[in-house]
Enquirer: 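A single structure is presented below for examination.
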Amino acid sequence: MTENSKLYLVPTPIGNLEDITLRAIRVLKEVDLILAEDTRTSGKLLKHFEISTQMMSHHMHNEHKTVEGLVKRLLAGETMALISDAGTPAISDPGFLLTRACVEAGIVVDCLPGATAFVPALVNSGLPNDKFVFEGFLPVKKGRQTRLLFLAEETRTIIFYESPHKLVKTLGHFAEFFGEERQVSVSREITKLHEETVRGTVKEVLVHYTKKPPKGEIVVVLAGKK
């Protein structure tokens, strides 16, 4: 392994392109290879910032097969940057497997600070943020009820990611397992033109989104059990 071997984890904007950092732009220009979750999506970002670095696809469907080869290339002296479609790699996105493999191989891993959807959603919720737990996406079917029963006893603020077409169903489950009066905050389209945060009891927010079906990326912040 050479001194130059390094994997950078580079956050990308979750909406507003101005949220990329100057350091992120420099790193993406300087590395030998950019690993992108979707090269078409990332291609638009790179073009906007005039970054011509070679890209390679690295996503949840191929990462198990590509990790070994990427580690070998890094050990041979290449530098790489891993980016997801939006936000920080490995937070509900690919990145963990390659990071773990690099750590085990003694390759330096450098994660840049930057955009992550759940942080502004949590801070903006008005709910306690001194202690919180990040759940990401709930199981779709198998294990969902078991997970909700477990979380019903959680006293810390809980953060979830959810898709717009499943939000009403999930809020219904919250009413069932956590109670209709539990406080919740739903943030969608964070940093984008139609950004919105709706706060209230689970019942109130459920009524709101039943009448007005949501669109866009969604973060749900739920108060813990008192």
Side-chain angles (χ1 to χ4, degrees), residues 1-123 132-137 139 159-161 163 189-192 217 219:
M1 182 173 66
T2 71
E3 292 182 2
N4 295 328
S5 302
K6 184 180 284 191
L7 172 69
Y8 293 93
L9 305 177
V10 181
T12 53
I14 57 176
N16 192 321
L17 292 181
E18 292 179 4
D19 291 334
I20 198 166
T21 67
L22 297 174
R23 184 181 173 205
I25 294 172
R26 176 181 60 80
V27 167
L28 292 175
K29 287 182 176 181
E30 291 179 354
V31 292
D32 298 312
L33 179 67
I34 295 173
L35 305 172
E37 184 179 4
D38 187 325
T39 54
R40 291 166 298 180
T41 300
S42 297
K44 297 174 185 176
L45 178 74
L46 300 189
K47 183 179 180 180
H48 180 83
F49 289 106
E50 299 179 346
I51 299 168
S52 57
T53 308
Q54 179 186 355
M55 271 194 298
M56 173 180 164
S57 180
H58 182 81
H59 48 72
M60 62 180 294
H61 301 296
N62 74 356
E63 59 179 340
H64 288 83
K65 300 176 183 178
T66 58
V67 163
E68 185 178 349
L70 292 172
V71 168
K72 287 181 179 178
R73 291 176 63 173
L74 284 159
L75 288 171
E78 289 191 53
T79 57
M80 299 181 189
L82 174 64
I83 58 176
S84 60
D85 289 346
T88 299
I91 302 295
S92 292
D93 276 325
F96 164 69
L97 292 178
L98 180 58
T99 300
R100 180 178 63 181
C102 287
V103 170
E104 291 174 349
I107 297 165
V108 175
V109 178
D110 192 352
C111 183
L112 278 60
T116 303
F118 78 78
V119 174
L122 171 63
V123 175
F132 61 90
V133 57
F134 175 70
E135 278 292 308
F137 290 97
I159 304 166
F160 303 90
Y161 284 165
S163 60
E189 294 292 83
I190 295 172
T191 79
K192 298 178 184 177
E217 302 291 327
V219 184

Enquirer: Which heavy-atom pair separates V71 from A105 by the least distance, and what is that distance?
Expert: CG1-CB, 3.9 Å
Enquirer: Are more than 12 heavy atoms, taken from residues, nucleotides or ligands other than K192, located less than 6.0 Å from that residue's NZ atom?
Expert: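 Atom NZ in K192 is packed in, count exceeds 12.
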Enquirer: Are H48 and L17 side-chain neighbours, meaning at least one heavy-atom pair lies under 4.5 Å?
Expert: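 Yes, close enough: below the 4.5 Å cut-off.
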Enquirer: Taking all atoms of both residues into account, what is the closest heavy-atom pair of P13 and A115, and its distance?
Expert: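 Scanning both residues, the minimum pair turns out to be CA-CB, 4.2 Å.
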Enquirer: What heavy-atom pair brings I83 and S42 nearest, and what distance separates the two atoms?
Expert: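 Heavy atoms only, the tightest pair is CD1-OG, 3.5 Å.
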Enquirer: Under the 3.5 angstrom rule, does the side chain of E37 hit a backbone N or O of S57 as a donor-acceptor pair?
Expert: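 Judged by distance alone, no pair lies under 3.5 Å.
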Enquirer: Are the side chain of T53 and the backbone of I34 linked by a donor-acceptor contact shorter than 3.5 Å?
Expert: no
Enquirer: In sequence, state the C-alpha distance, the side-chain angles, and the governing distance for F49 and I20, and then conclude on side-chain contact (heavy atoms from CB on, under 4.5 Å).
Expert: CA-CA 10 Å; F49 289 106; I20 198 166; 3.3 Å; yes
Enquirer: For the CD atom of E135 and the CD1 atom of I159, what is their distance to the nearest 0.5 Å?
Expert: 10.0 Å
Enquirer: Under 4.5 Å between any side-chain heavy atoms of S5 and L75, yes or no?
Expert: no
Enquirer: If you look at every heavy atom in R23 and P113, which pair is closest and at what distance?
Expert: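 Shortest heavy-atom separation between R23 and P113 comes out as NH1-CD, 3.9 Å.
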Enquirer: What class does the angle between the rings of F134 and Y161 fall in, given that below 30° is parallel, 30 to 60° is tilted and above 60° is perpendicular?
Expert: perpendicular
Enquirer: Return yes when atom CZ of F160 has more than 12 non-hydrogen atoms of other residues, nucleotides or ligands closer than 6.0 Å, and no otherwise.
Expert: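 For F160, atom CZ is crowded (more than 12 foreign heavy atoms under 6.0 Å).
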Enquirer: Return the minimal non-hydrogen interatomic distance between P11 and A24, and the atom names on each side.
Expert: O-CB, 4.4 Å
Enquirer: Are the side chains of L97 and R100 in touch, meaning some heavy atoms are under 4.5 Å apart?
Expert: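 Sidechains of R100 and L97: in contact.
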Enquirer: Have a look at M80 and tell me which of V10, L9, L74 forms a side-chain contact (heavy atoms from CB on, under 4.5 Å) with it.
Expert: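 The side-chain contact (heavy atoms from CB on, under 4.5 Å) with M80 is passed solely by L74 among V10, L9, L74.
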Enquirer: Could you tell me the separation between the CG atom of L98 and the CG atom of L7, rounded to the nearest 0.5 Å?
Expert: 5.0 Å
Enquirer: Rounded to the nearest 0.5 Å, how far apart are CG of L46 and CE of M55?
Expert: 5.0 Å
Enquirer: Say you draw a straight line from CD1 of I190 to CG of N16; how long is it, rounded to the nearest 0.5 Å?
Expert: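 Here the rounded value is 12.5 Å.
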Enquirer: Between CG of L70 and CG of L82, what distance do you get to the nearest 0.5 Å?
Expert: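 Spacing of CG (L70) from CG (L82) equals 9.0 Å.
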Enquirer: Please determine whether side-chain contact (heavy atoms from CB on, under 4.5 Å) holds for the pair N62 and H59, giving the CA-CA distance in whole Å, both sets of side-chain angles, and the decisive distance to 0.1 Å.
Expert: CA-CA 6 Å; N62 74 356; H59 48 72; 3.7 Å; yes
Enquirer: How many angstroms lie between CG in D93 and NE2 in H58, if you round to the nearest 0.5 Å?
Expert: 11.0 Å
Enquirer: Hey, does the side chain of D85 reach the backbone of D38 with a donor-acceptor pair shorter than 3.5 angstrom?
Expert: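 Here the side-chain-to-backbone pair exists.
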Enquirer: Listing request: all salt bridge (Lys or Arg N to Asp or Glu O under 4.0 Å) pairs with a residue in residues 26-36, at least two apart in sequence or in separate chains.
Expert: R26-E30
